[in-house]
Amino acid sequence: MSSSANFYHVDAFTTQQFTGNPAGVLFLDSKDQFEDDDLLHKIAKELNMPATAFLFFKSSNDTSITYEIKWFSAIRRIPICGHGTLAASHVIFQQNPGIHLIEYDAGPAGPLQASRTVDDLVQLDFPACHLVGMNEIGETLKPDVDLNKILASALNDENVRFEYIGRGDRGGYIDMIVVELPENYPLEQATIDCDVLTKLFPVIRGVSFTTWASHDENFHIHSRCINSVPGLGEDYVTGSSHCMIAPHWLKKTGTLAGDRDLKAAQVSARRGSMLINWKEEEMRCLIRSSAVTFSTGTIALHK
């Protein structure tokens, strides 16, 4: 018994191929296959992308469509994934010109939405969180682990000063931390040792370094995000981490003069960018960006 599934390789958070964050997008016709996490993990491992989004159609009307969605890396299932959702939304909007809203049933991640903007960007509606300062909850995450020392070692900068270190306070963000560095810290030039950060796993699965980039006339902040899950390394561009980073900066800086959005650049080797609008009362972040399709194909699934 065999079946096939349409596959898309998409570069997310960019307008140019070979930049942004690559993601696989796979549409499944079988509910049994969609529910088979072992199968999905095997497919993601075979594709070996930073993330693969798996989708199963639920319903549609004239202007909206609903899918169930899951995300996997080659290592494990991902609790929530911005670039995988952006990649999936890009494909769905391309295939359905009349559709303006996508609703996702994301299981433990809760309901997510993507909409088509008037300037032809994709806008994601994701849950946000506040940060709890590590000095408020204790810096010791694991016995015999010195958090500041590990972070400095990862940056290869023993003299670095940390302005703030905070941990997410809810949902899929509680095992992620944000590290604010001094203004205009040269994150883009930093050689980050990802292996050092694996010492924080499994208590912490991700570390986001961020700096206010007043020297950059195009962006407010620069960031780099590292998976502390062994084997994953740096996340080229990540939407979910910015649902932690953006509220932190917008709380700290107040209203951005003349700007509705926080302009964020993730300055990894592949670079990518996004505009973020924080809805504080709803604790949601609206993330706007682009994606480009690199390749398409069909995957054969044999039983």
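Since the structure is predicted, the reported quantities are computational estimates derived from the model, not experimental observations.
- D146 contributes a side-chain N or O that, together with a main-chain N or O of N148, makes up a donor-acceptor pair within less than 3.5 Å.
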>> Show, in sequence, the C-alpha distance, side-chain angles and deciding distance for L286 and D261, and conclude whether the side-chain contact (heavy atoms from CB on, under 4.5 Å) test is met.
In response: CA-CA 9 Å; L286 305 180; D261 303 296; over 6 Å; no
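- The minimum heavy-atom distance linking A87 with A23 is given by the pair CB-CB, 3.8 Å.
- D36 places no side-chain N or O within donor-acceptor distance of the main-chain N or O of D32, the cut-off being under 3.5 Å.
- Heavy atoms only, all atoms of each residue included: V160 and F162 are closest at CG1-CZ, 3.6 Å.
- Crowding of E158 atom CD: a count of heavy atoms from other residues, nucleotides or ligands under 6.0 Å not exceeding 12.
- Using a 4.5 Å heavy-atom cutoff, the side chains of N21 and L86 are not in contact.
- A side-chain donor-acceptor contact under 3.5 Å links S214 and E183.
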>> Quick one, K199 with S228, criterion side-chain contact (heavy atoms from CB on, under 4.5 Å). Give me CA distance, side-chain angles, the key distance, then yes/no.
In response: CA-CA 8 Å; K199 296 176 182 178; S228 51; over 6 Å; no
>> I'd like to know whether K263 forms a salt bridge (Lys or Arg N to Asp or Glu O under 4.0 Å) with D216, so could you lay out the CA-CA distance, the side-chain angles of the two residues, the decisive distance to 0.1 Å, and finally the verdict.
In response: CA-CA 11 Å; K263 301 173 184 175; D216 188 337; over 6 Å; no
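- Remark: E163 pairs with R161 by the side-chain hydrogen bond (donor to acceptor under 3.5 Å, both in side chains) rule, at least two apart or across chains.
- A51 approaches C81 most closely through the heavy-atom pair CB-SG, 3.8 Å.
- With sequence neighbours excluded, the residues that form a side-chain contact (heavy atoms from CB on, under 4.5 Å) with S153 are V196.
- Closest of all the heavy-atom pairs between G239 and I287 is O-CD1, 3.6 Å.
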>> Applying side-chain hydrogen bond (donor to acceptor under 3.5 Å, both in side chains) to H9 and T293, what does each step give before you reach the verdict?
In response: CA-CA 6 Å; H9 173 163; T293 300; over 6 Å; no
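- F209 places a side-chain heavy atom less than 4.5 Å from the side chain of I192.
- Within the 4.5 Å cutoff, side-chain heavy atoms of K70 are placed close to those of R77.
- Proximity of a side-chain donor or acceptor of T238 to a complementary backbone N or O of D235 within less than 3.5 Å is not detected.
- The distance from the NE2 atom of H242 to the OG atom of S289 is 10.5 Å, given to the nearest 0.5 Å.
- Among residue pairs with one or both ends in residues 170-182, those qualifying as side chain to side chain donor-acceptor pair (under 3.5 Å) are D175-R205, E180-H248, E180-K252; sequence neighbours excluded.
- Judged as a side-chain contact (heavy atoms from CB on, under 4.5 Å), and not counting sequence neighbours, the contacts of K42 are D38.
- In this structure, CZ on F126 lies 10.5 Å from SG on C285, to the nearest 0.5 angstrom.
- By the side-chain hydrogen bond (donor to acceptor under 3.5 Å, both in side chains) test, E46 is found to be paired with no residue, residues two or more places apart in sequence or in another chain being considered.
- Atom CD1 of I226 and atom CZ of R224 lie 6.0 Å apart (nearest 0.5 Å).
- At least one donor-acceptor pair closer than 3.5 Å links the side chain of N156 to the backbone N or O of T191.
- Side chains of F54 and W71 form no contact here, defined as non-hydrogen atoms less than 4.5 Å apart.
- With sequence neighbours left out, the side-chain contact (heavy atoms from CB on, under 4.5 Å) criterion links T298 to S4, N6.
- Clustering ILVMFWY residues whenever any of their side-chain heavy atoms sit less than 4.5 angstrom apart, transitively, puts F57 in the very cluster that holds Y8.
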Compile the donor-acceptor pairs under 3.5 Å between side chains in residues 100-109 and protein atoms, sequence neighbours left out, one pair per line.
{"residue": "Y104", "atom": "OH", "partner": "S89", "partner atom": "N", "Å": "3.4"}
{"residue": "Y104", "atom": "OH", "partner": "S89", "partner atom": "OG", "Å": "2.8"}
{"residue": "D105", "atom": "OD1", "partner": "G107", "partner atom": "N", "Å": "3.2"}
{"residue": "D105", "atom": "OD2", "partner": "K58", "partner atom": "NZ", "Å": "3.4"}

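- Residues satisfying the side-chain hydrogen bond (donor to acceptor under 3.5 Å, both in side chains) test with N218, not counting sequence neighbours, are none.
- The CD1 atom of I245 sits 7.5 Å away from atom CD1 of I276, with the distance rounded to the nearest 0.5 Å.
- Partners of H215 according to the ring-ring contact (aromatic ring centres under 6.0 Å, His included) rule, which considers only residues two or more places apart in sequence or in another chain, are H222.
- Remark: P111 pairs with no residue by the side-chain contact (heavy atoms from CB on, under 4.5 Å) rule, at least two apart or across chains.
- When hydrophobic clusters are built by joining Ile, Leu, Val, Met, Phe, Trp and Tyr residues whose side-chain heavy atoms come closer than 4.5 Å, directly or via intermediates, L232 is not grouped with M176.
- You'll find the side chain of S273 stays beyond 4.5 Å of the side chain of Q266, heavy atoms only.
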Let me check something: any side-chain donor-acceptor pairs from residues 118-125 under 3.5 Å, sequence neighbours excluded? List them with distances.
{"residue": "D119", "atom": "OD1", "partner": "T117", "partner atom": "OG1", "Å": "2.4"}
{"residue": "D125", "atom": "OD1", "partner": "R284", "partner atom": "NE", "Å": "2.7"}
{"residue": "D125", "atom": "OD1", "partner": "R284", "partner atom": "NH2", "Å": "3.2"}

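- Residues F7 and L47 are in side-chain contact: their nearest non-hydrogen atoms beyond the backbone lie under 4.5 Å apart.
- In this structure, the ring of F13 has its center no less than 6.0 angstrom from the ring center of Y236.
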> Hey, mind stepping through N227 and I75 against side-chain contact (heavy atoms from CB on, under 4.5 Å) and telling me if it holds?
Replying inline: CA-CA 11 Å; N227 291 293; I75 304 295; over 6 Å; no
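- Using a 4.5 Å cut-off on side-chain heavy atoms (C-beta onward), K31 and E68 make contact.
- A side-chain donor-acceptor contact under 3.5 Å links N61 and S64.
- Distance OG1/T66 to CG/L55: 11.5 Å, rounded to 0.5 Å.
- In this structure, F18 belongs to a hydrophobic cluster whose other members, linked by side-chain heavy atoms under 4.5 Å apart, are F294.
- For V229 against R76, the heavy-atom pair with the smallest separation is CG2-NH1, 3.7 Å.
- Judged by distance alone, the side chains of N184 and T211 never bring a donor and an acceptor atom under 3.5 Å apart.
- Between D169 and I174, the closest side-chain pair of non-hydrogen atoms is not below 4.5 Å.
- No continuous path of ILVMFWY side-chain contacts below 4.5 Å connects V237 to L275, so the two sit in separate hydrophobic clusters.
- There is a path of hydrophobic side-chain contacts, each under 4.5 Å, that joins L200 to I165.
- The residues E188 and R271 are annotated as salt-bridged, a charged nitrogen and a carboxylate oxygen being separated by less than 4.0 angstrom.
- Smallest separation of non-hydrogen atoms from R116 and I99: NH2-O, 2.8 Å.
- With rounding to the nearest 0.5 angstrom, the OG atom of S223 is 7.0 Å from the CG atom of L187.
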> L262 and W278: side-chain contact (heavy atoms from CB on, under 4.5 Å), yes or no, with the steps?
Replying inline: CA-CA 9 Å; L262 185 73; W278 179 37; over 6 Å; no
